[in-house]
S.K.: 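Have a look at this one.
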Amino acid sequence: SQSLLAPRPSTFQNRAPPMAKSPKATTSRRPTRKRRASPAAVPSSADIEDLAPSGVLAGPTSAAPALRSGLLRWYDAHRRDLPWRFSAAPGREGREKRAYAVWVSEVMLQQTRVPVVIDYYSRWMARWPTVETLAAATQEEVNEMWAGLGYYRRARFLLEGAKQIAEKGEFPSTASTLRQVRGIGDYTAGAIASIAFSEVTPLVDGNVVRVISRLFAIADNPKESSTVKRF
């Protein structure tokens with residue numbers, strides 16, 4: 001096989017012998033890249049897996065209590081002072097006022113950054129402090145107040161939902177009943193029910209999916225509804 005692969009002598013007999021490499025060419029070569037250090041040589045830094053409470057990585061079911069308590073401790077220590085974060089007054093009226101505040105803030109925070117929302121939220125609540133006062137507003141008034149936030153569909157759903165709640169005479173207090181209100185989806189329903197009415201119900205958004213996926217090495221497509229239901 002070697003003889004078959006070797007070139008015939010006549011092919012190269014008229015060619016000049018190969019030239020020696022010039023010193024200039026040798027010195028002009030680009031320096032060789034340094035090899036990357038092995039992972040063992042790179043100092044480790046705190047990561048989400050490192051910060052996870054002991055036992056969390058054992059599995060999602062057994063980890064839930066540890067994750068919950070850890071997140072709540074972090075929130076108590078580092079939460080921002082925002083106008084929609086306040087303790088509800090005792091009684092049904094106090095919880096409904098808290099629910100309305102959570103609802104308005106959650107809708108405004110969709111597609112909008114917190115610093116922008118703060119001023120809009122404060123002006124909105126000064127004008128319509130309860131769901132009943134919002135229900136009495138017109139679409140033109142709501143749109144005027146909403147101007148600059150964009151995605152006016154959110155404002156329309158807030159007004160339509162407020163009219164629906166005012167007509168029933170009672171603010172829904174569970175995630176399942178909140179989902180029946182115009183414009184309230186799974187995440188917002190969970191936010192209102194858990195924050196204002198202390199229902200143990202999940203809130204799953206893209207951030208939750210990303211963090212839990214990494215903690216438990218879950219490779220499911222985060223855009224599929226089955227993945228969201230799993231989380």
Side-chain angles (χ1 to χ4, degrees), residues 60 64 68 71-72 75 82-112 114 117 120-146 149-209 212 220-231:
R68 243 195 326 263
L71 284 170
L72 289 172
Y75 176 80
L82 298 172
W84 50 84
R85 290 178 176 173
F86 58 86
S87 299
R92 179 78 190 185
E93 184 178 348
R95 290 195 298 273
E96 290 194 354
K97 184 177 181 180
R98 182 82 174 96
Y100 173 63
V102 173
W103 180 29
V104 172
S105 66
E106 287 292 338
V107 174
M108 286 187 173
L109 287 166
Q110 295 169 8
Q111 310 294 330
T112 310
V114 169
V117 167
Y120 278 90
Y121 172 86
S122 299
R123 291 194 297 268
W124 181 285
M125 297 302 289
R127 184 164 184 179
W128 301 303
T130 65
V131 69
E132 290 80 13
T133 54
L134 175 59
T138 66
Q139 188 65 64
E140 290 74 18
E141 291 172 331
V142 169
N143 287 345
E144 182 181 356
M145 181 67 70
W146 197 270
L149 273 177
Y151 299 97
Y152 283 81
R153 184 165 172 260
R154 296 179 293 169
R156 188 177 77 250
F157 282 162
L158 265 175
L159 179 58
E160 292 177 2
K163 291 181 182 295
Q164 185 179 341
I165 293 172
E167 185 177 342
K168 289 186 176 181
E170 185 179 40
F171 209 109
S173 58
T174 64
S176 58
T177 54
L178 282 161
R179 281 193 291 268
Q180 298 173 14
V181 176
R182 176 74 166 163
I184 295 183
D186 290 340
Y187 183 87
T188 304
I192 298 170
S194 62
I195 296 172
F197 299 106
S198 301
E199 180 184 0
V200 180
T201 184
L203 288 76
V204 180
D205 65 356
N207 294 319
V208 171
V209 170
I212 303 299
D220 297 358
N221 185 348
K223 295 185 178 180
E224 293 182 358
S225 58
S226 58
T227 303
V228 176
K229 288 180 180 179
R230 178 182 180 186
F231 280 95

S.K.: Side chains of Val208 and Tyr187: does their closest heavy-atom pair fall under 4.5 Å?
M.R.: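 They are not in side-chain contact.
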S.K.: Just so I know, are the side chains of Arg179 and Asp186 near enough to count as touching, which here means a heavy-atom distance under 4.5 Å?
M.R.: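 Yes, their side chains come closer than 4.5 Å.
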S.K.: Relative to Tyr120, does Arg123 satisfy both conditions: NZ or CZ under 6.0 angstrom from the six-membered ring centre, and within 45 degrees of the ring's axis?
M.R.: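 Yes, Arg123 sits over the ring of Tyr120.
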S.K.: Spell out, as yes or no, whether a donor-acceptor pair under 3.5 Å connects the side chain of Gln111 to the backbone of Tyr151.
M.R.: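 Side chain of Gln111 to backbone of Tyr151, a donor-acceptor pair under 3.5 Å: no, none is there.
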S.K.: Is there side-chain contact between Arg95 and Phe171, with at least one heavy-atom pair below 4.5 Å?
M.R.: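 The answer is no; the side chains never approach within 4.5 Å.
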S.K.: Do Thr188 side-chain atoms and Gly185 backbone N/O form a donor-acceptor pair below 3.5 Å?
M.R.: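 No; zero donor-acceptor contacts below 3.5 Å.
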S.K.: Write down the atom of Pro222, the atom of Val228, and the distance for their closest heavy-atom approach.
M.R.: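 Closest approach of Pro222 to Val228: O-CG2, 4.0 Å.
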S.K.: Roughly how far, to the nearest 0.5 Å, is CG of Leu158 from OH of Tyr100?
M.R.: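 One finds 7.5 Å between OH of Tyr100 and CG of Leu158.
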S.K.: Which atom names give the shortest non-hydrogen contact between Met108 and Arg154, and what distance separates them?
M.R.: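 The answer is O-NH1, 3.1 Å.
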S.K.: Distance check, rounded to the nearest 0.5 Å: Met125 atom CE versus Thr133 atom OG1?
M.R.: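 Separation between the atoms: 8.0 Å.
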S.K.: Is the side chain of Arg98 donor-acceptor paired with the backbone N or O of Phe86 at a distance under 3.5 Å, no angle test?
M.R.: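 Checked: pair present.
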S.K.: What distance do Leu134 atom CG and Ile165 atom CD1 have between them, rounded to the nearest 0.5 Å?
M.R.: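 Those atoms lie 9.0 Å apart.
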S.K.: List the atom of Ala162, the atom of Ala135, and the distance in Å for their closest heavy-atom pair.
M.R.: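 Closest approach of Ala162 to Ala135: O-CB, 3.6 Å.
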S.K.: Let me confirm one number: the CE-CG distance from Met145 to Leu159, rounded to the nearest 0.5 Å.
M.R.: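 One gets 12.5 Å once the value is rounded to the nearest 0.5 Å.
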S.K.: Check the pair Arg85, Ser105 against side chain to side chain contact (heavy atoms under 4.5 Å, CB included), reporting the backbone distance first and the verdict last.
M.R.: CA-CA 10 Å; Arg85 290 178 176 173; Ser105 66; over 6 Å; no
S.K.: Looking at side-chain heavy atoms only, is the closest gap between Ile184 and Ile192 below 4.5 Å?
M.R.: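 Yes - at least one pair of side-chain heavy atoms lies under 4.5 Å apart.
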S.K.: Measuring only between side-chain heavy atoms, which start at C-beta, is Trp124 closer than 4.5 Å to Val142?
M.R.: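 Of all side-chain heavy-atom pairs linking Val142 with Trp124, at least one is under 4.5 Å.
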S.K.: Considering all heavy atoms of both residues, which atom of Ala189 and which atom of Leu178 are nearest to each other, and what is their separation?
M.R.: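 Where Ala189 meets Leu178 most closely, the heavy atoms are O-CD1, 3.5 Å.
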S.K.: Can you tell me if Glu141 has over 12 outside heavy atoms packed within less than 6.0 Å of its CD?
M.R.: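 More than 12 within 6.0 Å, yes.
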S.K.: Enter the distance from Thr177:OG1 to Lys168:NZ here, rounded to the nearest 0.5 Å.
M.R.: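 Answer for the OG1-NZ pair, Thr177 versus Lys168, is 8.0 Å.
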S.K.: Does a sphere of radius 6.0 Å around CD in Glu93 hold more than 12 heavy atoms from other residues, nucleotides or ligands, not counting ones at 6.0 Å or beyond?
M.R.: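 No, because the 6.0 Å sphere around CD of Glu93 holds 12 heavy atoms or fewer from other groups.
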S.K.: Are the side chain of Thr227 and the backbone N or O of Asn221 linked by a donor-acceptor pair below 3.5 Å?
M.R.: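 Yes, Thr227 side chain to Asn221 backbone: donor-acceptor pair under 3.5 Å.
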S.K.: How long is the gap from CG on Asn143 to CD on Gln139, to the nearest 0.5 Å?
M.R.: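 The CD atom of Gln139 is 4.5 Å from CG of Asn143, to the nearest 0.5 Å.
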S.K.: Would you name the heavy atoms of Ala155 and Trp146 that are closest together and state the gap between them?
M.R.: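 In this case the closest contact between Ala155 and Trp146 is CB-CD2, 3.5 Å.
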S.K.: Taking side chain as C-beta onward, heavy atoms only, is Val131 less than 4.5 Å from Glu96?
M.R.: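 No - every pair of side-chain heavy atoms lies 4.5 Å or more apart.
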S.K.: Less than 4.5 Å apart, any side-chain heavy atom of Arg182 and any of Lys163?
M.R.: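 Sidechains of Lys163 and Arg182: no contact.
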S.K.: Tell me the closest heavy-atom pair linking Trp103 and Gly161, and the distance in Å.
M.R.: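 Shortest heavy-atom contact: CH2-C, 3.6 Å.
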S.K.: Side chains of Trp84 and Val104: closer than 4.5 Å at any heavy-atom pair?
M.R.: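 A side-chain contact under 4.5 Å is absent here.
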